[in-house]
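Right, one structure below, let's go through it.
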Amino acid sequence: MRELERRYTKIPAEVRATDDGKRIAGYAAVFRKESSNLGGFVEDIDPTAFNKSRGDGWPDVMARYNHDDNLLLGTVAAETLTLTIDDTGLAYEVTPPSTRADVLELVARGDVQKSSFAFRTIEDDWAQTTQGFPKRTLLRVQLVDVAPVNVPAYPDTSAGLRSLARRMDAPYADVRDLAERDELRKLFARTDRPAEPRRTTPQQARVTLLALRNAPNGGQA
(Lines give C-alpha, C1' and ligand atoms only; values in the text may rest on other atoms or scores of the structure.)
Protein backbone atom coordinates (compact mmCIF):
# COMPACT_ATOMS: atom_id res chain seq x y z
CA MET A 1 0.00 0.00 0.00
CA ARG A 2 1.40 3.39 -1.01
CA GLU A 3 1.81 5.97 1.73
CA LEU A 4 -0.92 8.53 2.25
CA GLU A 5 0.19 12.12 1.63
CA ARG A 6 -1.54 15.46 2.19
CA ARG A 7 -1.08 18.87 0.63
CA TYR A 8 -3.06 22.10 0.81
CA THR A 9 -3.80 25.25 -1.14
CA LYS A 10 -4.15 28.81 0.07
CA ILE A 11 -7.04 29.63 -2.28
CA PRO A 12 -9.88 30.45 0.16
CA ALA A 13 -12.79 28.05 0.53
CA GLU A 14 -16.24 29.62 0.31
CA VAL A 15 -19.94 28.93 0.83
CA ARG A 16 -22.21 29.02 -2.21
CA ALA A 17 -26.00 29.13 -2.13
CA THR A 18 -27.66 26.75 -4.62
CA ASP A 19 -31.19 25.50 -5.29
CA ASP A 20 -30.53 22.38 -3.23
CA GLY A 21 -28.89 24.12 -0.28
CA LYS A 22 -25.59 25.63 0.70
CA ARG A 23 -22.32 24.17 -0.50
CA ILE A 24 -18.70 24.49 0.54
CA ALA A 25 -16.50 25.07 -2.49
CA GLY A 26 -12.82 25.53 -3.10
CA TYR A 27 -9.70 24.27 -4.84
CA ALA A 28 -8.17 21.24 -3.17
CA ALA A 29 -5.12 21.40 -5.47
CA VAL A 30 -3.55 23.92 -7.82
CA PHE A 31 -1.57 22.94 -10.92
CA ARG A 32 1.95 24.02 -11.83
CA LYS A 33 2.48 26.11 -8.71
CA GLU A 34 5.64 25.37 -6.78
CA SER A 35 5.11 24.66 -3.11
CA SER A 36 7.13 26.12 -0.29
CA ASN A 37 10.13 24.17 0.96
CA LEU A 38 8.77 20.78 2.07
CA GLY A 39 11.95 19.80 3.87
CA GLY A 40 14.69 19.94 1.27
CA PHE A 41 12.60 19.96 -1.90
CA VAL A 42 9.66 21.72 -3.53
CA GLU A 43 6.77 20.15 -5.33
CA ASP A 44 4.22 20.89 -8.03
CA ILE A 45 1.28 19.07 -9.57
CA ASP A 46 1.00 18.19 -13.24
CA PRO A 47 -2.39 19.07 -14.82
CA THR A 48 -2.89 15.39 -15.71
CA ALA A 49 -2.20 14.10 -12.18
CA PHE A 50 -5.86 13.36 -11.39
CA ASN A 51 -6.87 12.01 -14.80
CA LYS A 52 -6.72 8.36 -13.69
CA SER A 53 -8.92 8.99 -10.63
CA ARG A 54 -11.35 10.99 -12.76
CA GLY A 55 -11.44 8.33 -15.45
CA ASP A 56 -12.26 5.71 -12.83
CA GLY A 57 -15.16 7.84 -11.57
CA TRP A 58 -13.42 9.17 -8.46
CA PRO A 59 -13.89 5.83 -6.62
CA ASP A 60 -14.47 6.10 -2.85
CA VAL A 61 -13.47 9.80 -2.82
CA MET A 62 -15.07 11.80 -0.02
CA ALA A 63 -14.94 15.22 1.61
CA ARG A 64 -14.06 15.31 5.31
CA TYR A 65 -13.59 18.36 7.50
CA ASN A 66 -9.94 18.42 8.60
CA HIS A 67 -9.58 14.94 7.00
CA ASP A 68 -11.43 13.56 10.04
CA ASP A 69 -13.36 10.29 9.54
CA ASN A 70 -15.87 11.48 12.13
CA LEU A 71 -16.60 14.69 10.21
CA LEU A 72 -17.80 13.40 6.86
CA LEU A 73 -19.24 16.14 4.62
CA GLY A 74 -20.10 14.28 1.44
CA THR A 75 -19.10 11.62 -1.07
CA VAL A 76 -18.92 11.24 -4.83
CA ALA A 77 -20.87 8.00 -4.56
CA ALA A 78 -23.85 9.76 -2.95
CA GLU A 79 -23.54 12.71 -5.37
CA THR A 80 -23.12 15.11 -2.45
CA LEU A 81 -19.55 15.84 -3.57
CA THR A 82 -18.66 17.13 -7.04
CA LEU A 83 -15.09 17.24 -8.35
CA THR A 84 -14.00 19.07 -11.49
CA ILE A 85 -10.67 19.77 -13.16
CA ASP A 86 -10.02 23.10 -14.85
CA ASP A 87 -6.99 25.16 -15.83
CA THR A 88 -6.40 26.20 -12.23
CA GLY A 89 -6.57 22.83 -10.51
CA LEU A 90 -8.88 20.37 -8.78
CA ALA A 91 -12.08 22.09 -7.66
CA TYR A 92 -14.67 20.66 -5.30
CA GLU A 93 -18.21 21.44 -4.16
CA VAL A 94 -19.78 19.56 -1.28
CA THR A 95 -23.25 19.76 0.26
CA PRO A 96 -22.82 18.94 3.95
CA PRO A 97 -25.56 17.33 6.04
CA SER A 98 -27.57 19.54 8.39
CA THR A 99 -25.52 18.21 11.31
CA ARG A 100 -22.48 19.98 9.84
CA ALA A 101 -24.04 23.45 9.82
CA ASP A 102 -21.20 24.57 12.08
CA VAL A 103 -18.67 23.84 9.31
CA LEU A 104 -20.72 25.87 6.85
CA GLU A 105 -20.78 28.76 9.30
CA LEU A 106 -17.03 28.57 9.95
CA VAL A 107 -16.30 28.72 6.22
CA ALA A 108 -18.83 31.51 5.65
CA ARG A 109 -17.31 33.60 8.46
CA GLY A 110 -13.79 33.08 7.15
CA ASP A 111 -12.58 31.08 10.16
CA VAL A 112 -11.83 28.18 7.83
CA GLN A 113 -10.19 29.35 4.62
CA LYS A 114 -7.83 26.68 3.32
CA SER A 115 -8.50 23.44 1.48
CA SER A 116 -6.48 20.26 1.29
CA PHE A 117 -6.40 16.89 -0.44
CA ALA A 118 -5.14 13.47 0.58
CA PHE A 119 -3.61 11.17 -2.02
CA ARG A 120 -1.31 8.29 -2.81
CA THR A 121 1.37 8.80 -5.44
CA ILE A 122 1.30 6.46 -8.42
CA GLU A 123 3.94 8.25 -10.52
CA ASP A 124 6.19 11.23 -9.96
CA ASP A 125 9.31 12.81 -11.43
CA TRP A 126 12.35 14.58 -10.02
CA ALA A 127 14.36 17.43 -11.50
CA GLN A 128 15.58 20.83 -10.33
CA THR A 129 14.20 24.32 -10.35
CA THR A 130 16.00 27.00 -12.34
CA GLN A 131 17.68 27.94 -9.04
CA GLY A 132 19.04 24.42 -8.63
CA PHE A 133 16.67 23.29 -5.86
CA PRO A 134 15.30 19.70 -5.91
CA LYS A 135 11.78 19.56 -7.34
CA ARG A 136 9.25 16.76 -7.31
CA THR A 137 6.37 16.75 -9.80
CA LEU A 138 3.28 14.67 -9.08
CA LEU A 139 2.38 13.06 -12.41
CA ARG A 140 -0.31 10.56 -11.41
CA VAL A 141 -2.01 10.19 -8.03
CA GLN A 142 -4.87 8.30 -6.45
CA LEU A 143 -7.19 10.84 -4.84
CA VAL A 144 -8.49 9.83 -1.40
CA ASP A 145 -10.32 12.89 -0.09
CA VAL A 146 -10.69 16.66 -0.21
CA ALA A 147 -11.19 18.82 2.83
CA PRO A 148 -11.70 22.32 4.13
CA VAL A 149 -9.13 22.63 6.91
CA ASN A 150 -8.35 24.95 9.82
CA VAL A 151 -4.56 24.90 10.00
CA PRO A 152 -2.97 22.50 7.54
CA ALA A 153 -0.59 20.07 9.21
CA TYR A 154 3.05 20.20 8.14
CA PRO A 155 3.23 17.66 5.32
CA ASP A 156 4.85 14.32 6.00
CA THR A 157 7.55 14.15 3.33
CA SER A 158 8.71 10.57 3.95
CA ALA A 159 6.87 9.30 0.85
CA GLY A 160 8.55 11.94 -1.31
CA LEU A 161 11.98 11.14 0.10
CA ARG A 162 11.43 7.42 -0.46
CA SER A 163 10.53 8.22 -4.05
CA LEU A 164 13.74 10.21 -4.47
CA ALA A 165 15.77 7.40 -2.91
CA ARG A 166 14.30 4.94 -5.42
CA ARG A 167 14.91 7.36 -8.28
CA MET A 168 18.57 7.76 -7.28
CA ASP A 169 18.98 4.09 -6.32
CA ALA A 170 20.25 5.35 -2.96
CA PRO A 171 19.62 4.26 0.64
CA TYR A 172 16.59 6.00 2.11
CA ALA A 173 18.49 6.76 5.34
CA ASP A 174 21.13 8.70 3.39
CA VAL A 175 18.52 10.70 1.48
CA ARG A 176 16.63 11.44 4.71
CA ASP A 177 19.84 12.62 6.39
CA LEU A 178 20.56 14.97 3.50
CA ALA A 179 17.00 16.32 3.71
CA GLU A 180 17.36 16.96 7.44
CA ARG A 181 20.45 19.06 6.66
CA ASP A 182 18.64 20.75 3.73
CA GLU A 183 21.32 19.37 1.39
CA LEU A 184 19.30 17.28 -1.08
CA ARG A 185 20.61 19.43 -3.89
CA LYS A 186 23.96 17.65 -3.47
CA LEU A 187 22.36 14.64 -5.16
CA PHE A 188 21.83 16.66 -8.31
CA ALA A 189 24.19 18.12 -10.88
CA ARG A 190 25.44 21.45 -9.57
CA THR A 191 26.22 24.68 -11.33
CA ASP A 192 26.95 28.24 -10.26
CA ARG A 193 24.48 29.84 -12.60
CA PRO A 194 20.73 29.45 -13.18
CA ALA A 195 19.82 27.04 -15.94
CA GLU A 196 16.98 24.95 -17.23
CA PRO A 197 15.67 22.29 -14.82
CA ARG A 198 18.32 19.56 -14.61
CA ARG A 199 18.36 15.85 -13.85
CA THR A 200 21.04 13.58 -12.51
CA THR A 201 21.51 9.85 -12.91
CA PRO A 202 21.44 7.22 -10.15
CA GLN A 203 25.12 6.56 -10.86
CA GLN A 204 25.98 10.19 -10.22
CA ALA A 205 23.89 10.16 -7.05
CA ARG A 206 25.73 7.11 -5.69
CA VAL A 207 29.10 8.77 -6.33
CA THR A 208 27.88 11.88 -4.52
CA LEU A 209 26.63 9.89 -1.51
CA LEU A 210 29.90 7.95 -1.30
CA ALA A 211 31.87 11.20 -1.37
CA LEU A 212 29.66 12.67 1.35
CA ARG A 213 30.11 9.61 3.56
CA ASN A 214 33.90 9.79 3.22
CA ALA A 215 34.10 13.55 3.73
CA PRO A 216 35.01 14.93 7.16
CA ASN A 217 31.90 15.46 9.35
CA GLY A 218 29.79 13.62 6.81
CA GLY A 219 30.17 16.38 4.23
CA GLN A 220 28.94 19.13 6.52
CA ALA A 221 30.58 22.50 6.47
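Nothing fancy with the numbering, it's 1 onward along the sequence.
We find that Arg167 and Asp125 are joined by a salt bridge, their nearest charged nitrogen and carboxylate oxygen being less than 4.0 Å apart. A salt bridge links Arg16 with Glu14: the distance from a Lys NZ or Arg NE/NH1/NH2 to an Asp or Glu carboxylate oxygen falls below 4.0 Å. The pair Lys52-Asp56 counts as a salt bridge, with a side-chain nitrogen and a carboxylate oxygen less than 4.0 angstrom apart.
With Glu43 as the partner, the side chain to side chain contact (heavy atoms under 4.5 Å, CB included) test is satisfied by one option alone out of Glu34, Arg7, Lys33: Arg7.
Asp111 CG: more than 12 foreign heavy atoms inside a 6.0 Å radius.
A donor-acceptor pair under 3.5 Å is absent between the side-chain atoms of Thr137 and the main chain of Asp44, judged by distance alone.
In the hydrophobic clustering of this structure, Val103 does not group with Met62; members are Ile, Leu, Val, Met, Phe, Trp, Tyr whose side-chain heavy atoms approach within less than 4.5 Å, directly or through other members.
Counted by atom type alone, Tyr27 and Asp86 present one or more donor-acceptor pairs between their side chains at under 3.5 Å. With no hydrogens or angles considered, no side-chain donor-acceptor pair links Thr88 and Arg32 at under 3.5 Å.
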Q. Taking it one step at a time, do Glu3 and Arg162 satisfy salt bridge (charged side-chain N to carboxylate O under 4.0 Å, His left out)?
A. CA-CA 10 Å; Glu3 294 177 70; Arg162 291 184 195 281; 3.1 Å; yes

Q | Working for ring pair (Phe, Tyr, Trp, His ring centres under 6.0 Å), residues Phe117 and Phe50 | A | CA-CA 12 Å; Phe117 73 104; Phe50 298 102; 5.5 Å; yes

Q: Apply the test side-chain contact (heavy atoms from CB on, under 4.5 Å) to residues Ser158 and Tyr172: give CA-CA distance (whole Å), side-chain angles for both, the deciding distance (0.1 Å), then the verdict.
A: CA-CA 9 Å; Ser158 60; Tyr172 169 69; 3.7 Å; yes

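Within the model, atoms CG of Leu38 and CD of Glu5 stand 9.5 Å from one another, a figure rounded to the nearest 0.5 Å. Here NZ of Lys135 is found 13.0 Å from CG of Asp124. Values are rounded to the nearest 0.5 Å. Going from atom CG of Asp145 over to atom CG of Leu81 covers 9.5 Å, rounded to the nearest 0.5 Å.
Contact of the Thr82 side chain with the Thr95 side chain is not registered, since no non-hydrogen atoms from C-beta on lie closer than 4.5 Å. The closest side-chain heavy-atom distance from Ile24 to Glu93 is not below 4.5 Å.
When all heavy atoms of Thr75 and Thr80 are compared, the pair lying nearest together is N-OG1, 2.9 Å.
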